[in-house]
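Accompanying notes for the structure given below.
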Amino acid sequence: MTSAVSAVVSAIVASACCIGPLVLAALGIGGAGSLLKFEPYRPYFIVLTAALLGLGFYLTYRAPRPPADKTDCSCESPKRTLPKVMLWLATVVAIIALAFPYIAARIFG
């Protein structure tokens with residue numbers, strides 16, 4: 001769950017150079033162009049986002065560990081649907097945030 005949240009934050013920071021000025025301008029806040037300083041770091045944040053999402057998928061979908069007490073194997077592992085849903089939601093948000101500069105260029109360009 002932590003890696004999914006971290007991946008979304010990283011994706012938003014990676015797109016801060018493009019999303020930030022647009023949002024701040026829509027709110028009437030000036031000086032939003034200072035967020036363009038993040039543009040050179042965008043590739044690093046994209047790699048960080050991909051790595052954190054990969055870690056999230058690994059931790060979510062890996063095979064469950066066998067119980068430490070092997071005498072009682074009658075219980076089934078609990079369904080982990082909430083972490084899976086949150087991870088996929090974080091992935092969609094990250095993809096939208098990372099694609100925003102390209103989409104905005106076509107819409108506003």
Side-chain angles (χ1 to χ4, degrees):
M1 184 78 132
T2 304
S3 62
V5 172
S6 301
V8 169
V9 170
S10 177
I12 291 172
V13 171
S15 297
C17 62
C18 305
I19 294 174
L22 184 64
V23 170
L24 292 176
L27 295 174
I29 300 172
S34 62
L35 291 174
L36 291 174
K37 294 178 185 176
F38 286 113
E39 180 63 29
Y41 304 110
R42 185 167 167 34
Y44 300 112
F45 287 122
I46 291 172
V47 170
L48 180 63
T49 300
L52 289 171
L53 282 173
L55 177 65
F57 275 101
Y58 171 74
L59 293 175
T60 302
Y61 285 101
R62 69 180 172 185
R65 292 184 180 167
D69 182 20
K70 294 189 179 201
T71 58
D72 184 25
C73 291
S74 61
C75 61
E76 293 185 21
S77 62
K79 295 207 175 210
R80 300 181 317 170
T81 57
L82 181 63
K84 291 178 183 178
V85 169
M86 296 303 292
L87 178 64
W88 280 104
L89 182 64
T91 302
V92 169
V93 170
I95 289 171
I96 290 170
L98 291 174
F100 182 79
Y102 306 108
I103 295 169
R106 292 191 179 219
I107 294 172
F108 302 115

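Computed from heavy atoms alone, side chains included, the values below leave out hydrogens, waters and symmetry copies.
Of all heavy-atom pairs spanning T49 and A94, the tightest one is CG2-CB, 4.0 Å.
A distance-only check finds a donor-acceptor pair linking the side chain of R42 to the backbone of L98 [under 3.5 Å].
Using cut-offs of 30° and 60° on the angle between ring planes, the pair F57 and Y61 is parallel.
By the side-chain contact (heavy atoms from CB on, under 4.5 Å) test, L89 is found to be paired with no residue, residues two or more places apart in sequence or in another chain being considered.
Taken from OG1 in T60 to CG in L53, the straight-line distance is 10.0 Å, to the nearest 0.5 Å.
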